[in-house]
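A short worksheet on the structure shown next.
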Amino acid sequence: MSTVKEEKMPILEMKRDYYHLIINGERMESSSGETFTTYNPATGEPLATIQQGTLEDVEKAVQAARNAFDNGKWKRYPVGKRSRVLNKIAEIMRSRFKELVELEILNSGKSLSAAQGQVMQAIEDFEFYAGAIVGHRGHVNNVPGGFFNYTQKEPVGVCAQIIPWNYPMMMAAWKIAPAIASGCSVIIKPASLTPVTAIVMAEICHEAGVPDGVVNVVSGPGSVVGDALAQHPQVDKVAFTGSTPTGKDIMEKASKTLKRVTLELGGKSPNIIFEDADIDAAVDGSLFGIFYNTGQSCEARSRLYIHEDIYDKFMDKFVEKTKKLTLGNPFDKGTHLGSIISREQLEVIDGYVRSAVEEGAHVLVGGREAKVEGFENGYWYEPTIITNVTPEMKAVKEEIFGPVVVVMSFSNEKEVIKEANNSIYGLGSAIWTKDQGRATRVANEIDAGIVMVNCPFSAFPGTPFGGYKQSGFGRELCIETLDLYTETKSVISYYGSRPINPFGV
Ligand code: NAP
Ligand code: MG
């Protein structure tokens, strides 16, 4: 294997033509010499050449992570020192904020405001865990006299972290920050469509002082690199964000060696507008809820339920504002929706719209590929509203993962709760009402990990993010995440003056 070894990983331009694997603190080429191309989906043009990891590269990365964990200093650092390094990562990211935003836009096609918000959140995730880890500790427990028991939190070990393309940098931060704060070593497998910002983030980790082998990146096909990581006997934990079918596959493979598994999977989140809602706030929040990130969000509020008394009033405004949303140069401040991630994903979205039409639904707005001037070879889809739907339709039941909302009306609270929960998923949900009692009742009854009450946002650093049912399990972005990257060790000791002889022999 050829390597590009330097004493210390030098700081390179973030935007470049060529990105390496990161293994054991070195930029490396693939053991096969093979590469793949990553594209700018807004233009359809090639962006950069990426090393394509192989099974041999996975093995190298696992051994590097294993060695860093078993024999290295990272988990043995005083917690304050690990915390300082996390803050340093955030500081470097802040100082290179514009470059990171540019790179994220170029690789994902997302709008400037979306990319800015997500890169800022990635930074704040490191700051959050830099603080949170200092207070993460065990307990002294009540036990019978003569005995003493304390618990301590110890890092889980080597973590494989497989991430998707919809929030490439933010997902890398959600995974890396709590894991390394806890003292684990990680191997990141970025999505093949969007590998560059995770690679750059690993480089920044090294620049900030993370020791060699603690943060590794192996890009390459999920069916090769992801699959091998999910099965590898020396990997202690797999954390995955992506589709529900791939999550199930990973869980099955991980079960062979009983790896710890956390899964953040798909969703079909309901958005409920009650008759007493502030209609303007609900319209604006619902627009954001479905069209943010061009609908490519696991918690996109893609099923809209509107009380029949306000249906027409709400829909008039919702349709009017949807038509005002702009698609265009992702770098323009005024652009609301960026591109779709790939031609394949665009076909999937359009297939769902076509299937709804075939099943008798009505496309009220959008419903087709968009033509964007200057971006003719990119992948664009019109913001789409579908009405006249029934709960059995594919487009109502399944995750579309694009800018498409299905709209239904309801007549009472009980009925809408039942419909909202009529899904295999349970990730996000939103309620719009001025009645605090109703908000609390409905929040209690909804089967979802996240309930937004009169609120367009689903997460901040510190708020738990994760799902019920087939949306997965485990919570990210919060204090509880640290428990998922640590084991609890119970230490029981006896301090009595007389020896104990339980068998009495
Ligand atoms: P996916 O298959 O779940 O991919 C997510 C990640 O898993 C990528 O890094 C992928 O690598 C990797 N992967 C794929 N197959 C794997 C395997 N057998 N073992 C281990 N890792 C594997 O998602 P997708 O194919 O990109 O998108 C399909 C659908 O998933 C979308 O239409 C959307 O509905 C859903 N999705 C959900 C989320 C979410 O946040 N919940 C995010 C993205 C997509 P490669 O990139 O190399 O394939
Ligand atoms: Mg896939």
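Atoms within each ligand, like the ligands themselves, are counted from 1 in listed order. Just so you know, these numbers use all the heavy atoms, side chains as well, and skip hydrogens, waters and symmetry mates.
Checked for salt-bridge contact, E382 and R368 meet the test: a charged N lies under 4.0 Å from a carboxylate O. Salt-bridge formation is detected for the pair R96/E99: a Lys NZ or Arg NE/NH1/NH2 atom is positioned less than 4.0 Å from an Asp or Glu carboxylate oxygen. For R94 and E127, the salt-bridge test passes: some basic side-chain N is under 4.0 Å from an acidic carboxylate O. A salt bridge is absent between D236 and R260; no separation between the charged side-chain nitrogens and carboxylate oxygens falls under 4.0 Å. Of the charged side-chain nitrogens involved, none lies within less than 4.0 Å of a carboxylate oxygen, so that K397 and E419 do not count as a salt-bridged pair. Classification of K321 and D284 as a salt-bridged pair holds, one side-chain N sitting under 4.0 Å from a carboxylate O.
Contact analysis puts G220 in contact with ligand 1, with a non-hydrogen atom separation below 4.0 angstrom. Residue contacts with ligand 1 include P221, since one of its heavy atoms falls under 4.0 Å from the ligand. For the pair P245 and ligand 1, no heavy-atom separation below 4.0 Å is found.
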Can Y381 and V353 be said to form a side-chain contact (heavy atoms from CB on, under 4.5 Å), step by step?
-> CA-CA 11 Å; Y381 205 82; V353 174; 3.5 Å; yes

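Polar contact check, S223 against ligand 1: no nitrogen or oxygen pair lies under 3.5 Å apart. Residue L193 places no N or O, backbone or side chain, under 3.5 Å from any N or O of ligand 1.
Heavy-atom proximity to atom 18 (N) of ligand 1, evaluated over D249, D227, V238, is greatest for D249. The heavy atom nearest to atom 12 (C) of ligand 1, considering only I341, I162, T244, I349, is found in I162. Residue nearest to atom 40 (O) of ligand 1, selected from T194, N166, L229, I163: N166 (by heavy-atom distance).
The CG atom of N216 sits 7.5 Å away from atom OG of S185, with the distance rounded to the nearest 0.5 Å.
The protein non-hydrogen atom at the shortest distance from atom 33 (C) of ligand 1 is F401 CG, 3.3 Å. The nearest heavy-atom contact from the protein to atom 47 (O) of ligand 1 is S192 OG, 2.6 Å. Protein heavy atom closest to atom 43 (C) of ligand 1, with residue, atom name and distance, is P164 CB, 3.5 Å. Looking only at heavy atoms of the protein, atom 34 (O) of ligand 1 is closest to E399 OE1, 3.0 Å. Of the protein's heavy atoms, W165 NE1, 3.8 Å lies nearest to atom 27 (O) of ligand 1. In this structure, the protein non-hydrogen atom closest to atom 7 (O) of ligand 1 is F240 CE1, 3.2 Å. Given atom 48 (O) of ligand 1, the protein heavy atom at minimum distance is G222 N, 4.0 Å. Nearest protein neighbour of atom 2 (O) of ligand 1, counting heavy atoms only, is T246 OG1, 2.9 Å.
With ligand atoms numbered from 1 in the order given, ligand 1 contributes 9 (O), 10 (C), 11 (O), 45 (P), 46 (O), 47 (O) to contacts under 4.0 Å with heavy atoms of K189. Applying the 4.0 Å criterion to heavy atoms of P190 picks out, from ligand 1, the atoms 9 (O).
When distances from atom 30 (O) of ligand 1 to the protein are checked, a heavy atom turns up under 4.0 Å. In this structure, atom 4 (O) of ligand 1 has its sub-4.0 angstrom surroundings free of protein heavy atoms.
For W174 and F465, the distance between ring centers is under 6.0 angstrom.
Applying the salt bridge (charged side-chain N to carboxylate O under 4.0 Å, His left out) test to E347 and every residue at least two apart in sequence or in another chain returns R343.
Heavy atoms of Q345 found under 4.0 angstrom from ligand 1 belong exclusively to the side chain. Residue contacts with ligand 1 for S297 are absent, since no atom lies close enough (heavy atoms, distance under 4.0 Å).
Contacts classified as salt bridge (charged side-chain N to carboxylate O under 4.0 Å, His left out) and involving residues 181-198 (residues at least two apart or in different chains) are not found.
Sparse packing is recorded around CD of E13, with 12 or fewer heavy atoms of other residues, nucleotides or ligands lying under 6.0 Å away.
Geometric assessment of K237 against the ring of Y485 yields a positive cation-pi assignment under the 6.0 Å and 45° thresholds.
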